[in-house]
Visitor: 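Below is a structure I'd like to ask you about.
Remember, it's a predicted structure, so these values are computed and weren't measured experimentally. Because only heavy atoms are used, hydrogens play no part in the values below, and waters and symmetry mates are left out as well, while side chains stay in.
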Amino acid sequence: MKIAVYPGSFDPITNGHLDILKRASQIFDKIYITVLENSAKVSSALFTVSERVEMIKLAAHGLDNVEVCSFSGLLVNFAEEVGARYIVKGIRAVSDFDYEFQMAVTNRDLSDKVETLLLPAGKKYMFLSSSIVKEVGRLGGELSEFVPEQIIDTVKEKLKGA
């Protein structure tokens, strides 16, 4: 069984993230999409970890081989705990590649049992990020092109209070 982990902060999940998830779900038998409990990003996060997990569950509804969860600690340790041999990361641009390449090499040093696969973003999502979603939303812009329909109201409500 081919099992993968798709980690991220997903604050919030975007259509670009969902595109990577859908494509990866066609490659792997099971995917754990997991929200990183990152202490460095907690103060700047718009949504709590549990809110992000719930939004991902709504967005991933119907993808039967996808399980949504959260974790803290080393990603390779989490991957090994759930029996995953692969880490899936989406990349948008050269800057993403540089960072993700460094992380892939580091993870390979930490565990030779886990491989990282970099999936390029679809052309439509090359410049989409959670930060852009939050900025557009804060300024009252339309979010339907940026986040899954199931979470638009949740994102708008949270941005009102931010």
Side-chain angles (χ1 to χ4, degrees), residues 1-42 44-92 96 99-122 124-125 128-131 133-134 143-158:
M1 183 177 225
K2 291 186 293 185
I3 302 172
V5 174
Y6 177 25
S9 55
F10 306 111
D11 187 40
I13 188 169
T14 69
N15 287 335
H17 294 130
L18 191 56
D19 177 60
I20 296 289
L21 180 62
K22 286 177 180 177
R23 290 166 45 211
S25 74
Q26 295 172 0
I27 299 168
F28 297 99
D29 299 310
K30 182 167 184 101
I31 296 184
Y32 291 89
I33 182 169
T34 183
V35 177
L36 172 60
E37 296 174 20
N38 184 342
S39 58
K41 288 189 173 183
V42 168
S44 64
L46 180 62
F47 294 94
T48 67
V49 169
S50 60
E51 288 171 328
R52 288 180 265 165
V53 166
E54 288 308 310
M55 286 190 294
I56 296 168
K57 285 180 181 177
L58 289 172
H61 179 75
L63 296 174
D64 296 332
N65 62 338
V66 172
E67 185 171 325
V68 184
C69 54
S70 63
F71 82 100
S72 62
L74 289 174
L75 178 57
V76 292
N77 291 348
F78 175 79
E80 289 177 358
E81 285 172 24
V82 298
R85 299 246 320 124
Y86 306 95
I87 296 168
V88 173
K89 298 294 295 214
I91 55 171
R92 295 167 295 192
D96 282 351
Y99 176 78
E100 295 302 345
F101 184 81
Q102 291 173 35
M103 292 306 301
V105 171
T106 300
N107 286 332
R108 185 78 175 144
D109 285 343
L110 294 170
S111 174
D112 63 358
K113 297 176 184 153
V114 181
E115 291 289 346
T116 300
L117 301 175
L118 304 177
L119 286 178
K124 183 175 182 178
Y125 305 115
L128 180 58
S129 69
S130 295
S131 298
V133 167
K134 290 183 273 195
L143 296 177
S144 60
E145 289 294 315
F146 305 125
V147 298
E149 179 183 330
Q150 304 92 318
I151 69 165
I152 289 174
D153 291 339
T154 303
V155 173
K156 285 181 178 178
E157 274 302 306
K158 190 70 157 194

Visitor: In Å and rounded to the nearest 0.5 Å, what is the CD1 to CD1 distance from Ile56 to Ile151?
Guide: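 Answer for the CD1-CD1 pair, Ile56 versus Ile151, is 8.5 Å.
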Visitor: Between Cys69 and Val53, what is the shortest heavy-atom contact and its length?
Guide: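 Result for this residue pair: O-CG2, 3.9 Å.
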Visitor: How close do Phe71 and Pro7 get, heavy atom to heavy atom, and via which atoms?
Guide: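 Scanning both residues, the minimum pair turns out to be CE2-CB, 4.4 Å.
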Visitor: State, with a plain yes or no, whether a side-chain heavy atom of Ile33 is found less than 4.5 Å away from one of Phe10.
Guide: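 Yes - at least one pair of side-chain heavy atoms lies under 4.5 Å apart.
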Visitor: Nearest 0.5 Å, what's the CG-OH distance between Leu117 and Tyr86?
Guide: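 That separation rounds to 7.5 Å.
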Visitor: Once the angle between the rings of Tyr32 and Phe78 is folded into 0 to 90°, is it parallel (under 30°), tilted (30 to 60°) or perpendicular (over 60°)?
Guide: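 Perpendicular: the ring planes of Tyr32 and Phe78 meet at over 60°.
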Visitor: Is the backbone of Phe47 close enough, under 3.5 Å, to the side chain of Arg52 for a donor and an acceptor to pair up by distance?
Guide: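 Confirmed, Arg52 side chain pairs with Phe47 backbone.
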Visitor: Return the CD to OG distance between Glu37 and Ser9, rounded to the nearest 0.5 Å.
Guide: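 Output value for this atom pair is 12.5 Å.
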Visitor: Within the side chain of Asp29, is there an N or O that forms a donor-acceptor pair under 3.5 Å with the backbone of Lys2?
Guide: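 Present.
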Visitor: What's the separation between atom CZ in Phe101 and atom CD1 in Ile91, rounded to the nearest 0.5 Å?
Guide: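 So the gap between those two atoms works out to 11.0 Å.
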Visitor: Start with the C-alpha distance between Leu21 and Leu18, add both sets of side-chain angles, then the distance that settles side-chain contact (heavy atoms from CB on, under 4.5 Å), and finish with yes or no.
Guide: CA-CA 5 Å; Leu21 180 62; Leu18 191 56; 4.2 Å; yes
Visitor: Of all the heavy-atom pairs spanning Val5 and Ala84, show the shortest one and how long it is.
Guide: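 That closest heavy-atom pairing would be CG2-CB, 3.6 Å.
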Visitor: Within a radius of less than 6.0 Å around CG of Asp153, do more than 12 heavy atoms belonging to other residues, nucleotides or ligands occur?
Guide: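 No, the 6.0 Å shell around CG holds no more than 12 heavy atoms from other groups.
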Visitor: Is any side-chain heavy atom of Lys22 closer than 4.5 Å to a side-chain heavy atom of Leu63?
Guide: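 The answer is yes; the side chains approach within 4.5 Å.
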Visitor: With rounding to the nearest 0.5 Å, note down the distance linking CZ in Arg108 to CE in Met103.
Guide: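 It is 15.0 Å, given to the nearest 0.5 Å.
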Visitor: For a quick test of reading the model, state the closest non-hydrogen atom pair linking Ala59 to Pro148 and the distance between them.
Guide: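 Heavy atoms only, the tightest pair is CB-CG, 3.7 Å.
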Visitor: State whether the number of non-hydrogen atoms from other residues, nucleotides or ligands found under 6.0 Å of Lys30 atom NZ is greater than 12.
Guide: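 Above 12, so yes.
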Visitor: Considering non-hydrogen atoms only, spot the tightest contact between Pro12 and Ser130 and give its length.
Guide: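 Heavy-atom minimum between the residues: O-OG, 2.7 Å.
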Visitor: Give every residue pair that meets the side chain to side chain donor-acceptor pair (under 3.5 Å) criterion with at least one member in residues 10-20, sequence neighbours excluded.
Guide: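 Residue pairs passing side chain to side chain donor-acceptor pair (under 3.5 Å), neighbours aside: Asp11-Lys134, Thr14-His17, Asp19-Arg23.
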Visitor: Would you mind listing every salt bridge (charged side-chain N to carboxylate O under 4.0 Å, His left out) that reaches into residues 69-89, with sequence neighbours excluded?
Guide: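 For residues 69-89: Lys89-Glu100.
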Visitor: Are the side chains of Val155 and Ile152 in touch, meaning some heavy atoms are under 4.5 Å apart?
Guide: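 In short, these two side chains do not touch, never coming nearer than 4.5 Å.
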Visitor: Under the side-chain contact (heavy atoms from CB on, under 4.5 Å) criterion, do Val88 and Leu119 qualify, and how do the steps go?
Guide: CA-CA 7 Å; Val88 173; Leu119 286 178; 3.9 Å; yes
Visitor: Ignoring hydrogens, what is the shortest heavy-atom contact between Ala60 and Val66? Give both atom names and the distance.
Guide: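 Residues Ala60 and Val66, closest heavy atoms: CB-CG1, 4.3 Å.
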Visitor: Hey, could you give me the CE/CG distance between Met1 and Asn65, rounded to the nearest 0.5 Å?
Guide: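 Reported value, rounded in 0.5 Å steps: 8.0 Å.
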Visitor: Distance-only, no hydrogens or angles: does the Arg92 side chain make a donor-acceptor pair with backbone N or O of Leu128 under 3.5 Å?
Guide: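 Checking the backbone N and O of Leu128 against the side chain of Arg92, a donor-acceptor pair under 3.5 Å is found.
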